[in-house]
Structures are given as C-alpha cells and as structure tokens.
S.K.: 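My questions all concern the structure below.
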Amino acid sequence: ESEDSGRQQLSASAPPTTSLSLLGNFEESVLNYRLDPLGTVEGFTADVGASGIFCPNHINLPVEVLFYSVSDDNAPSPYMGVINLESLGKRGYRVPPSGTIQ
C-alpha cells in the first residue's frame with residue numbers, strides 16, 4: 001500500500017503519481033502530493049469569520065505552513081498553508097448559505 005493511500009486527492013486535473021515532479025501548475029501539483037515540502041514554518045494562525053444572514057463567532061485556528069522548491073536557482077520558495085477543520089468537531093464551522101467567509 002502506498003504512502004499516499006491515506007491522503008485525500010484534492011484535485012483531479014493533476015492526479016498523483018509515483019514521480020514527484022511539477023505537473024501543470026504549482027497548486028495542482030501540491031494539492032495532489034506530487035511535490036514534497038522542504039520544511040515547515042511554525043507559529044501561523046488563521047482568524048476565520050463568516051457573514052451573511054447570521055454571523056458566527058470568529059475562530060482562531062493553527063495553520064500548518066509548508067514551503068517548496070520548484071526551481072534550481074535562488075528563486076523564492078512558494079508557501080502553502082493548511083488549516084485542519086477536524087478540531088471543530090462534527091458540526092464544523094457553520095457558514096451562512098448566502099454570504100462570505102474570510
């Protein structure tokens with residue numbers, strides 16, 4: 001069983017393969033685990049809020065920040081933040097059917 005078998009594929013346009021290389025764009029490759037992160041950056045949080053018919057309380061969640069290398073030169077490394085919503089429980093974070101989330 002592969003290491004990626006427990007990971008949910010987040011995009012169908014650049015499916016994961018055994019070769020870890022950039023396919024399509026950076027976002028598609030990262031979302032489908034085609035690029036391994038070089039490391040993480042600690043200490044980031046996200047203040048999540050929504051508005052619309054009702055306004056749920058803002059919540060503050062930790063963000064796992066990963067950085068990647070996509071070139072051999074000294075170009076800046078792209079970063080990606082991942083917020084795990086499982087800590088909110090079964091109900092999650094309720095968002096109005098018509099409104100915005102920040």
Side-chain angles (χ1 to χ4, degrees):
E1 193 170 83
S2 75
E3 177 184 334
D4 295 336
S5 63
R7 295 178 176 172
Q8 176 186 3
Q9 181 177 330
L10 301 174
S11 173
S13 63
T17 68
T18 56
S19 167
L20 295 176
S21 61
L22 194 63
L23 175 67
N25 62 36
F26 169 76
E27 292 85 0
E28 292 289 331
S29 294
V30 168
L31 290 173
N32 288 299
Y33 308 102
R34 292 182 55 83
L35 291 176
D36 286 328
L38 292 177
T40 61
V41 180
E42 302 294 328
F44 283 90
T45 60
D47 185 33
V48 179
S51 62
I53 299 169
F54 62 92
C55 296
N57 291 334
H58 282 230
I59 55 173
N60 195 284
L61 297 170
V63 179
E64 178 186 14
V65 178
L66 308 167
F67 63 95
Y68 298 84
S69 176
V70 293
S71 67
D72 291 332
D73 57 14
N74 289 332
S77 298
Y79 287 76
M80 179 182 78
V82 177
I83 301 171
N84 185 342
L85 300 176
E86 290 177 356
S87 65
L88 300 176
K90 190 173 184 177
R91 289 194 60 189
Y93 185 71
R94 221 175 130 189
V95 176
S98 177
T100 60
I101 187 165
Q102 302 174 332

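The chain is numbered in sequence order, starting from 1. For the numbers below, each heavy atom of this structure counts, side chains included, while hydrogens, waters and symmetry mates do not.
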S.K.: Determine which pairs satisfy side chain to side chain donor-acceptor pair (under 3.5 Å) with at least one residue from residues 83-102, sequence neighbours left out, and list them in order.
M.R.: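 Qualifying pairs, neighbours excluded: S51-T100.
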S.K.: Specify the closest pair of heavy atoms between V95 and F54, including all atoms of both residues, with the distance to one decimal.
M.R.: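 Shortest heavy-atom separation between V95 and F54 comes out as C-CZ, 3.9 Å.
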S.K.: Apply ring pair (Phe, Tyr, Trp, His ring centres under 6.0 Å) to F44 and list each qualifying residue two or more places apart in sequence or on a separate chain.
M.R.: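 For F44, no residue satisfies ring pair (Phe, Tyr, Trp, His ring centres under 6.0 Å) once neighbours in sequence are set aside.
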S.K.: Show your working on side chain to side chain contact (heavy atoms under 4.5 Å, CB included) between V41 and Y79 and close with a plain yes or no.
M.R.: CA-CA 9 Å; V41 180; Y79 287 76; 3.5 Å; yes
S.K.: Once you round to the nearest 0.5 Å, how far does CG of L35 lie from CE of M80?
M.R.: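 Interatomic distance, L35 CG to M80 CE, rounded to 0.5 Å: 9.5 Å.
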S.K.: Donor-acceptor pairs under 3.5 Å, side chain of residues 58-66 to any protein atom, not counting sequence neighbours: which ones?
M.R.:
unit_1, atom_1, unit_2, atom_2, d
H58, ND1, D47, OD2, 3.4

S.K.: Determine the minimum heavy-atom distance between P56 and P96, stating which atoms define it.
M.R.: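 So the minimum-distance heavy-atom pair works out to CD-CD, 4.4 Å.
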S.K.: I need the D36 CG to Y68 OH distance, nearest 0.5 Å.
M.R.: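 If I round to the nearest 0.5 Å, the distance is 8.0 Å.
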